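Below you'll find the structure, written out as C-alpha coordinates, and then a few comments.
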Amino acid sequence: MSVSGMKKQLHKASQLLNERLMGAEGTKMDEDFLQMEKSVAVIHILLVELMSKTTEFLQPNPAYRAKLSMLNTMSRIRGQGKSVGYPQTEGMLGDCMLHYGQELGAASEFGGALAGVGEALQQVAQARDALDVDVKRTFIDPLQDLHNTELKEIRYQLKKLNGRRLDFDYKRRRRGKVPVEDVRQAWDKFISSKEQAERSMFILLQNDVDQLSRLAALVAALLDFHRHAHRILLGLHGNLQTRLTAASNKPERRFHSKRIRVTAEHNGSIRFYHQPSVTSTLHSGEELTVLPSRPSSPISCYADSKLVLDQPCCRAMYSFDSNHEGELSFSEGDLILLTSQVDANWYEGTLGGQSGYFPVSYVDVLVPLPLL
(Lines give C-alpha, C1' and ligand atoms only; values in the text may rest on other atoms or scores of the structure.)
Protein backbone atom coordinates (compact mmCIF):
# COMPACT_ATOMS: atom_id res chain seq x y z
CA MET A 1 0.00 0.00 0.00
CA SER A 2 1.27 3.45 -0.93
CA VAL A 3 1.77 6.26 1.58
CA SER A 4 -1.27 8.14 0.27
CA GLY A 5 -3.39 4.99 0.51
CA MET A 6 -2.25 4.41 4.08
CA LYS A 7 -3.05 8.01 4.98
CA LYS A 8 -6.53 7.62 3.50
CA GLN A 9 -7.14 4.51 5.60
CA LEU A 10 -6.05 6.39 8.71
CA HIS A 11 -8.41 9.23 7.87
CA LYS A 12 -11.31 6.78 7.49
CA ALA A 13 -10.46 5.14 10.82
CA SER A 14 -10.30 8.54 12.49
CA GLN A 15 -13.72 9.51 11.13
CA LEU A 16 -15.22 6.15 12.20
CA LEU A 17 -13.88 6.59 15.76
CA ASN A 18 -15.29 10.13 15.91
CA GLU A 19 -18.71 8.81 14.90
CA ARG A 20 -18.65 5.84 17.28
CA LEU A 21 -17.03 7.45 20.32
CA MET A 22 -17.49 11.20 20.00
CA GLY A 23 -20.96 11.15 18.45
CA ALA A 24 -19.90 12.95 15.27
CA GLU A 25 -22.63 12.86 12.63
CA GLY A 26 -21.79 11.49 9.21
CA THR A 27 -23.56 11.90 5.90
CA LYS A 28 -27.00 10.30 6.04
CA MET A 29 -28.47 8.22 3.24
CA ASP A 30 -32.02 8.83 2.04
CA GLU A 31 -34.88 6.62 3.27
CA ASP A 32 -35.29 4.78 -0.03
CA PHE A 33 -31.64 3.80 -0.03
CA LEU A 34 -31.77 2.63 3.58
CA GLN A 35 -34.90 0.56 2.89
CA MET A 36 -33.26 -1.13 -0.11
CA GLU A 37 -30.13 -1.82 1.92
CA LYS A 38 -32.24 -3.44 4.64
CA SER A 39 -34.11 -5.58 2.10
CA VAL A 40 -30.84 -6.75 0.54
CA ALA A 41 -29.52 -7.73 3.98
CA VAL A 42 -32.70 -9.78 4.58
CA ILE A 43 -32.29 -11.51 1.19
CA HIS A 44 -28.68 -12.36 1.99
CA ILE A 45 -29.63 -14.01 5.31
CA LEU A 46 -32.66 -15.65 3.67
CA LEU A 47 -30.60 -17.28 0.92
CA VAL A 48 -28.08 -18.76 3.34
CA GLU A 49 -30.86 -20.09 5.59
CA LEU A 50 -32.99 -21.32 2.70
CA MET A 51 -30.18 -23.32 1.09
CA SER A 52 -29.29 -24.90 4.44
CA LYS A 53 -32.88 -25.80 5.34
CA THR A 54 -33.62 -27.18 1.87
CA THR A 55 -30.60 -29.46 2.10
CA GLU A 56 -31.75 -30.61 5.56
CA PHE A 57 -35.23 -31.25 4.14
CA LEU A 58 -33.84 -33.45 1.37
CA GLN A 59 -31.15 -35.11 3.50
CA PRO A 60 -32.25 -34.93 7.14
CA ASN A 61 -29.46 -36.99 8.73
CA PRO A 62 -26.46 -34.69 9.46
CA ALA A 63 -24.09 -37.62 10.00
CA TYR A 64 -24.94 -39.09 6.59
CA ARG A 65 -24.58 -35.64 4.99
CA ALA A 66 -21.10 -35.20 6.47
CA LYS A 67 -20.06 -38.70 5.39
CA LEU A 68 -21.50 -38.14 1.91
CA SER A 69 -19.63 -34.85 1.54
CA MET A 70 -16.35 -36.50 2.59
CA LEU A 71 -16.81 -39.45 0.21
CA ASN A 72 -17.66 -37.20 -2.73
CA THR A 73 -14.64 -35.01 -1.99
CA MET A 74 -12.40 -38.09 -1.96
CA SER A 75 -13.96 -39.23 -5.25
CA ARG A 76 -13.15 -35.89 -6.88
CA ILE A 77 -9.57 -36.02 -5.57
CA ARG A 78 -9.14 -39.54 -6.99
CA GLY A 79 -10.70 -38.53 -10.29
CA GLN A 80 -13.69 -40.84 -9.91
CA GLY A 81 -16.69 -39.51 -11.81
CA LYS A 82 -19.47 -41.33 -9.96
CA SER A 83 -20.53 -39.77 -6.66
CA VAL A 84 -22.07 -41.54 -3.68
CA GLY A 85 -25.83 -41.04 -3.17
CA TYR A 86 -27.60 -40.22 0.08
CA PRO A 87 -29.08 -43.34 1.74
CA GLN A 88 -32.83 -42.72 1.63
CA THR A 89 -34.86 -44.04 4.58
CA GLU A 90 -37.41 -45.64 2.25
CA GLY A 91 -34.60 -47.52 0.53
CA MET A 92 -33.15 -48.84 3.80
CA LEU A 93 -36.55 -50.03 4.99
CA GLY A 94 -37.25 -51.54 1.56
CA ASP A 95 -33.93 -53.44 1.58
CA CYS A 96 -34.76 -54.89 5.00
CA MET A 97 -38.25 -56.01 3.95
CA LEU A 98 -37.03 -57.45 0.65
CA HIS A 99 -34.27 -59.42 2.38
CA TYR A 100 -36.53 -61.08 4.91
CA GLY A 101 -39.30 -61.58 2.36
CA GLN A 102 -36.86 -63.59 0.27
CA GLU A 103 -35.73 -65.45 3.39
CA LEU A 104 -39.31 -66.54 4.10
CA GLY A 105 -39.67 -67.69 0.49
CA ALA A 106 -42.40 -67.63 -2.12
CA ALA A 107 -44.40 -70.29 -0.28
CA SER A 108 -45.15 -67.79 2.47
CA GLU A 109 -47.93 -65.31 1.76
CA PHE A 110 -46.44 -62.91 4.29
CA GLY A 111 -42.98 -63.33 2.76
CA GLY A 112 -44.30 -62.56 -0.73
CA ALA A 113 -46.16 -59.49 0.53
CA LEU A 114 -43.09 -58.33 2.46
CA ALA A 115 -40.93 -58.61 -0.66
CA GLY A 116 -43.54 -56.67 -2.65
CA VAL A 117 -43.59 -53.83 -0.12
CA GLY A 118 -39.78 -53.79 -0.09
CA GLU A 119 -39.60 -53.42 -3.87
CA ALA A 120 -42.20 -50.63 -3.79
CA LEU A 121 -40.26 -48.74 -1.11
CA GLN A 122 -37.08 -49.09 -3.17
CA GLN A 123 -38.94 -47.44 -6.07
CA VAL A 124 -40.02 -44.62 -3.73
CA ALA A 125 -36.37 -44.21 -2.68
CA GLN A 126 -35.35 -43.92 -6.35
CA ALA A 127 -38.04 -41.26 -6.83
CA ARG A 128 -36.64 -39.37 -3.82
CA ASP A 129 -33.14 -39.56 -5.33
CA ALA A 130 -34.57 -37.97 -8.48
CA LEU A 131 -36.19 -35.29 -6.29
CA ASP A 132 -32.81 -34.50 -4.69
CA VAL A 133 -31.18 -34.06 -8.08
CA ASP A 134 -34.06 -31.99 -9.46
CA VAL A 135 -34.28 -29.63 -6.47
CA LYS A 136 -30.52 -29.11 -6.43
CA ARG A 137 -30.48 -28.29 -10.15
CA THR A 138 -33.54 -26.02 -10.29
CA PHE A 139 -33.58 -24.44 -6.83
CA ILE A 140 -30.44 -24.75 -4.69
CA ASP A 141 -27.86 -24.13 -7.44
CA PRO A 142 -29.59 -20.96 -8.77
CA LEU A 143 -29.83 -19.59 -5.23
CA GLN A 144 -26.15 -20.37 -4.66
CA ASP A 145 -25.29 -18.61 -7.92
CA LEU A 146 -27.32 -15.55 -6.88
CA HIS A 147 -25.57 -15.49 -3.52
CA ASN A 148 -22.11 -15.80 -5.05
CA THR A 149 -22.55 -13.22 -7.85
CA GLU A 150 -25.13 -10.44 -7.50
CA LEU A 151 -25.30 -10.35 -3.72
CA LYS A 152 -21.55 -10.59 -3.37
CA GLU A 153 -21.13 -7.68 -5.79
CA ILE A 154 -23.72 -5.56 -3.94
CA ARG A 155 -22.05 -6.21 -0.59
CA TYR A 156 -18.71 -5.16 -2.10
CA GLN A 157 -20.26 -1.96 -3.49
CA LEU A 158 -21.85 -1.09 -0.13
CA LYS A 159 -18.55 -1.63 1.63
CA LYS A 160 -16.81 0.59 -0.91
CA LEU A 161 -19.56 3.22 -0.52
CA ASN A 162 -19.13 3.31 3.24
CA GLY A 163 -15.38 3.79 2.85
CA ARG A 164 -15.87 6.71 0.45
CA ARG A 165 -18.44 8.26 2.80
CA LEU A 166 -15.97 8.13 5.67
CA ASP A 167 -13.30 9.70 3.46
CA PHE A 168 -15.64 12.51 2.40
CA ASP A 169 -16.89 13.19 5.94
CA TYR A 170 -13.30 13.33 7.26
CA LYS A 171 -12.25 15.84 4.62
CA ARG A 172 -15.42 17.88 5.09
CA ARG A 173 -14.81 17.99 8.87
CA ARG A 174 -11.28 19.27 8.27
CA ARG A 175 -12.39 21.89 5.77
CA GLY A 176 -9.80 24.65 5.64
CA LYS A 177 -6.96 22.21 6.29
CA VAL A 178 -7.89 20.09 3.28
CA PRO A 179 -7.97 21.61 -0.21
CA VAL A 180 -11.47 22.30 -1.55
CA GLU A 181 -10.64 20.29 -4.66
CA ASP A 182 -9.92 17.20 -2.54
CA VAL A 183 -13.26 17.61 -0.77
CA ARG A 184 -15.08 17.94 -4.08
CA GLN A 185 -13.29 14.91 -5.49
CA ALA A 186 -14.21 12.86 -2.41
CA TRP A 187 -17.85 13.95 -2.81
CA ASP A 188 -17.94 12.93 -6.46
CA LYS A 189 -16.56 9.47 -5.64
CA PHE A 190 -19.07 9.07 -2.84
CA ILE A 191 -22.04 10.00 -5.07
CA SER A 192 -20.78 7.69 -7.85
CA SER A 193 -20.52 4.73 -5.49
CA LYS A 194 -23.95 5.49 -4.04
CA GLU A 195 -25.59 5.51 -7.47
CA GLN A 196 -23.87 2.27 -8.48
CA ALA A 197 -24.88 0.43 -5.29
CA GLU A 198 -28.40 1.84 -5.50
CA ARG A 199 -28.80 0.67 -9.08
CA SER A 200 -27.58 -2.85 -8.26
CA MET A 201 -29.90 -3.16 -5.28
CA PHE A 202 -32.84 -1.87 -7.31
CA ILE A 203 -32.25 -4.45 -10.06
CA LEU A 204 -32.02 -7.26 -7.51
CA LEU A 205 -35.16 -6.26 -5.65
CA GLN A 206 -37.19 -5.77 -8.83
CA ASN A 207 -36.23 -9.15 -10.27
CA ASP A 208 -39.18 -11.03 -8.73
CA VAL A 209 -39.74 -13.15 -11.84
CA ASP A 210 -36.53 -15.12 -11.38
CA GLN A 211 -37.14 -15.66 -7.65
CA LEU A 212 -40.73 -16.81 -8.23
CA SER A 213 -39.65 -19.18 -11.01
CA ARG A 214 -37.14 -20.83 -8.66
CA LEU A 215 -39.80 -21.25 -5.99
CA ALA A 216 -42.21 -22.68 -8.56
CA ALA A 217 -39.51 -25.15 -9.67
CA LEU A 218 -39.17 -26.39 -6.08
CA VAL A 219 -42.91 -26.93 -5.73
CA ALA A 220 -43.09 -28.66 -9.14
CA ALA A 221 -40.31 -31.08 -8.15
CA LEU A 222 -42.09 -31.90 -4.88
CA LEU A 223 -45.36 -32.40 -6.73
CA ASP A 224 -43.75 -34.78 -9.23
CA PHE A 225 -42.21 -36.81 -6.41
CA HIS A 226 -45.46 -37.12 -4.47
CA ARG A 227 -47.40 -38.06 -7.61
CA HIS A 228 -44.87 -40.76 -8.43
CA ALA A 229 -44.85 -42.04 -4.84
CA HIS A 230 -48.66 -41.99 -4.82
CA ARG A 231 -48.81 -44.16 -7.95
CA ILE A 232 -46.32 -46.64 -6.49
CA LEU A 233 -48.09 -46.90 -3.13
CA LEU A 234 -51.53 -47.05 -4.75
CA GLY A 235 -50.46 -50.05 -6.82
CA LEU A 236 -48.88 -51.62 -3.73
CA HIS A 237 -52.08 -51.10 -1.73
CA GLY A 238 -54.14 -52.82 -4.44
CA ASN A 239 -51.71 -55.73 -4.52
CA LEU A 240 -51.88 -56.15 -0.75
CA GLN A 241 -55.69 -56.05 -0.80
CA THR A 242 -55.67 -58.81 -3.45
CA ARG A 243 -53.31 -60.90 -1.32
CA LEU A 244 -55.43 -60.29 1.76
CA THR A 245 -58.61 -61.38 -0.04
CA ALA A 246 -56.93 -64.50 -1.43
CA ALA A 247 -55.54 -65.42 2.00
CA SER A 248 -58.95 -64.89 3.62
CA ASN A 249 -60.67 -67.18 1.08
CA LYS A 250 -58.22 -70.05 1.51
CA PRO A 251 -59.74 -73.12 3.25
CA GLU A 252 -58.73 -73.41 6.86
CA ARG A 253 -56.01 -75.98 7.50
CA ARG A 254 -56.19 -78.00 10.69
CA PHE A 255 -53.09 -78.99 12.57
CA HIS A 256 -52.52 -82.73 13.13
CA SER A 257 -49.51 -83.61 15.23
CA LYS A 258 -47.65 -86.89 15.15
CA ARG A 259 -47.11 -87.91 18.73
CA ILE A 260 -43.99 -89.74 19.87
CA ARG A 261 -43.33 -91.79 22.99
CA VAL A 262 -39.79 -91.71 24.32
CA THR A 263 -38.53 -94.44 26.67
CA ALA A 264 -35.12 -94.93 28.20
CA GLU A 265 -33.11 -98.10 27.60
CA HIS A 266 -30.60 -99.68 29.93
CA ASN A 267 -27.77 -99.11 27.48
CA GLY A 268 -28.22 -95.32 27.64
CA SER A 269 -30.05 -94.92 24.34
CA ILE A 270 -33.49 -93.43 23.78
CA ARG A 271 -36.06 -95.37 21.69
CA PHE A 272 -38.68 -93.47 19.66
CA TYR A 273 -42.11 -94.98 18.89
CA HIS A 274 -44.83 -93.58 16.68
CA GLN A 275 -48.21 -93.24 18.42
CA PRO A 276 -51.07 -92.18 16.10
CA SER A 277 -53.30 -90.95 18.92
CA VAL A 278 -53.20 -90.40 22.63
CA THR A 279 -55.45 -93.37 23.37
CA SER A 280 -53.83 -95.90 21.04
CA THR A 281 -51.59 -98.60 22.42
CA LEU A 282 -47.94 -99.14 21.62
CA HIS A 283 -47.11 -101.92 19.14
CA SER A 284 -43.66 -103.25 18.53
CA GLY A 285 -44.13 -102.90 14.76
CA GLU A 286 -44.43 -99.11 15.09
CA GLU A 287 -40.86 -98.56 16.11
CA LEU A 288 -39.26 -95.75 14.12
CA THR A 289 -35.59 -95.56 15.06
CA VAL A 290 -33.09 -95.81 17.89
CA LEU A 291 -30.74 -92.88 18.47
CA PRO A 292 -27.89 -92.88 21.01
CA SER A 293 -28.08 -89.99 23.46
CA ARG A 294 -24.63 -88.59 23.89
CA PRO A 295 -23.35 -85.04 24.51
CA SER A 296 -21.73 -84.69 21.10
CA SER A 297 -24.84 -85.79 19.17
CA PRO A 298 -27.98 -83.78 20.01
CA ILE A 299 -31.30 -85.56 19.32
CA SER A 300 -33.07 -84.18 16.30
CA CYS A 301 -36.75 -84.31 17.15
CA TYR A 302 -37.74 -80.73 16.35
CA ALA A 303 -39.68 -81.72 13.22
CA ASP A 304 -42.59 -82.95 15.31
CA SER A 305 -44.83 -80.47 17.04
CA LYS A 306 -45.16 -82.23 20.44
CA LEU A 307 -43.63 -85.10 22.36
CA VAL A 308 -45.58 -87.53 24.56
CA LEU A 309 -43.03 -88.69 27.16
CA ASP A 310 -43.58 -91.35 29.79
CA GLN A 311 -41.19 -89.99 32.39
CA PRO A 312 -39.86 -86.60 33.58
CA CYS A 313 -37.35 -85.15 31.13
CA CYS A 314 -36.08 -81.89 29.65
CA ARG A 315 -34.28 -80.65 26.54
CA ALA A 316 -31.01 -78.71 26.71
CA MET A 317 -31.38 -75.15 25.37
CA TYR A 318 -27.63 -74.46 25.71
CA SER A 319 -24.49 -76.53 26.05
CA PHE A 320 -23.17 -77.00 29.59
CA ASP A 321 -19.65 -78.07 30.54
CA SER A 322 -19.23 -79.34 34.09
CA ASN A 323 -16.78 -77.40 36.21
CA HIS A 324 -17.05 -79.48 39.38
CA GLU A 325 -17.32 -83.13 40.29
CA GLY A 326 -20.89 -84.37 40.28
CA GLU A 327 -22.11 -82.01 37.51
CA LEU A 328 -23.55 -83.37 34.25
CA SER A 329 -22.21 -82.11 30.92
CA PHE A 330 -24.46 -81.94 27.86
CA SER A 331 -24.86 -80.27 24.46
CA GLU A 332 -27.61 -78.11 23.06
CA GLY A 333 -30.56 -80.28 21.99
CA ASP A 334 -29.78 -83.26 24.27
CA LEU A 335 -32.76 -84.93 25.96
CA ILE A 336 -32.07 -85.43 29.68
CA LEU A 337 -34.07 -87.64 32.05
CA LEU A 338 -34.91 -85.80 35.27
CA THR A 339 -34.23 -87.54 38.55
CA SER A 340 -34.93 -84.79 41.07
CA GLN A 341 -34.78 -81.04 41.68
CA VAL A 342 -32.11 -80.15 44.21
CA ASP A 343 -33.25 -76.55 44.71
CA ALA A 344 -34.59 -73.62 42.68
CA ASN A 345 -31.40 -73.45 40.60
CA TRP A 346 -30.28 -77.08 40.05
CA TYR A 347 -31.71 -80.31 38.67
CA GLU A 348 -30.34 -83.84 38.94
CA GLY A 349 -30.65 -85.97 35.83
CA THR A 350 -29.29 -88.76 33.63
CA LEU A 351 -27.86 -88.65 30.10
CA GLY A 352 -26.05 -91.43 28.24
CA GLY A 353 -25.54 -93.51 31.39
CA GLN A 354 -24.07 -90.52 33.27
CA SER A 355 -25.81 -88.83 36.18
CA GLY A 356 -25.18 -85.45 37.71
CA TYR A 357 -26.40 -81.96 38.51
CA PHE A 358 -27.04 -79.14 36.01
CA PRO A 359 -28.51 -75.59 36.05
CA VAL A 360 -32.27 -75.14 35.73
CA SER A 361 -31.79 -72.16 33.38
CA TYR A 362 -30.00 -74.30 30.77
CA VAL A 363 -32.92 -76.62 30.00
CA ASP A 364 -36.54 -76.59 28.87
CA VAL A 365 -38.67 -79.04 30.89
CA LEU A 366 -40.82 -81.26 28.68
CA VAL A 367 -42.33 -83.50 31.37
CA PRO A 368 -42.07 -82.06 34.90
CA LEU A 369 -41.14 -84.00 37.97
CA PRO A 370 -44.16 -85.29 39.94
CA LEU A 371 -45.24 -83.16 42.87
CA LEU A 372 -44.38 -84.76 46.20
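Everything numeric here is computed off the predicted structure, so don't read it as measured data. All residue numbers refer to positions in the sequence shown, counting from 1.
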Look at the side chain of S322 and the backbone N and O of S329, then say whether any donor-acceptor pair between them is shorter than 3.5 Å.
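Not a single qualifying donor-acceptor pair exists.
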
Counting N and O atoms only, with roles assigned by atom type, does the side chain of T242 sit under 3.5 Å from a partner on the main chain of G238, one being a donor and the other an acceptor?
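Yes; at least one donor-acceptor contact below 3.5 Å.
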
Once you round to the nearest 0.5 Å, how far does CG of L205 lie from CD of Q35?
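Answer for the CG-CD pair, L205 versus Q35, is 9.0 Å.
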
If you measure from CG on L338 to SG on C313, what distance do you get to the nearest 0.5 Å?
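These two atoms lie 6.5 Å from each other.
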
Hydrogens and angles aside, do N207 and D210 bring a side-chain donor and acceptor to less than 3.5 Å of each other?
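On atom types as modelled, these side chains qualify, holding a pair under 3.5 Å.
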
Within the 3.5 Å criterion, strictly below it, is a donor on S355 or T350 matched to an acceptor on the partner's side chain?
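Indeed, the side chains of S355 and T350 share at least one donor-acceptor pair under 3.5 Å.
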
Decide salt bridge (charged side-chain N to carboxylate O under 4.0 Å, His left out) for R137 and D132; before the verdict, give the C-alpha distance in whole Å, the side-chain angles of both, and the deciding distance to 0.1 Å.
CA-CA 9 Å; R137 178 179 58 84; D132 288 2; over 6 Å; no

Quick check: F358 with F320 (ring centres under 6.0 Å apart)?
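They do not qualify: ring centres at least 6.0 Å apart.
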
Can you name the residues that form a salt bridge (charged side-chain N to carboxylate O under 4.0 Å, His left out) with [X], not counting sequence neighbours?
X	value
R165	E19, D169
E150	none
K177	none

Please examine the side chains of [Y] and [X], heavy atoms only from C-beta on, and report whether any two atoms are closer than 4.5 Å.
X	Y	value
Q185	D188	no
L50	T54	yes
Q211	R214	yes
F33	L161	yes
L337	L351	no
Q341	W346	no
L58	F139	no
Y86	P60	yes

Working note: R164 + D167, criterion salt bridge (charged side-chain N to carboxylate O under 4.0 Å, His left out); need CA distance, chi angles, decisive distance, verdict.
CA-CA 5 Å; R164 288 186 171 181; D167 183 55; over 6 Å; no

Parallel, tilted or perpendicular: which one describes the rings of W187 and F168, with boundaries at 30° and 60°?
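Ring orientation of W187 relative to F168: tilted.
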
Taking L93 as the fixed residue, which of V117, L98, L121 is the one that meets the side-chain contact (heavy atoms from CB on, under 4.5 Å) rule?
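Of the listed residues V117, L98, L121, the side-chain contact (heavy atoms from CB on, under 4.5 Å) partner of L93 is L121.
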
Candidate list V365, I336, V342, T339, test side-chain contact (heavy atoms from CB on, under 4.5 Å), partner Y347, passing option
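The single option meeting the side-chain contact (heavy atoms from CB on, under 4.5 Å) with Y347 is V365.
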
Side-chain ion pair, D141 and K136, N-O less than 4.0 Å
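Yes, this pair counts.
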
Using the rule side-chain hydrogen bond (donor to acceptor under 3.5 Å, both in side chains), only one of K159, R155, E153 pairs with Q157; which is it?
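Checked K159, R155, E153 against Q157; only one passes side-chain hydrogen bond (donor to acceptor under 3.5 Å, both in side chains): E153.
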
Determine whether more than 12 heavy atoms belonging to other residues, nucleotides or ligands lie under 6.0 Å from atom OH of Y357.
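No, because the 6.0 Å sphere around OH of Y357 holds 12 heavy atoms or fewer from other groups.
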
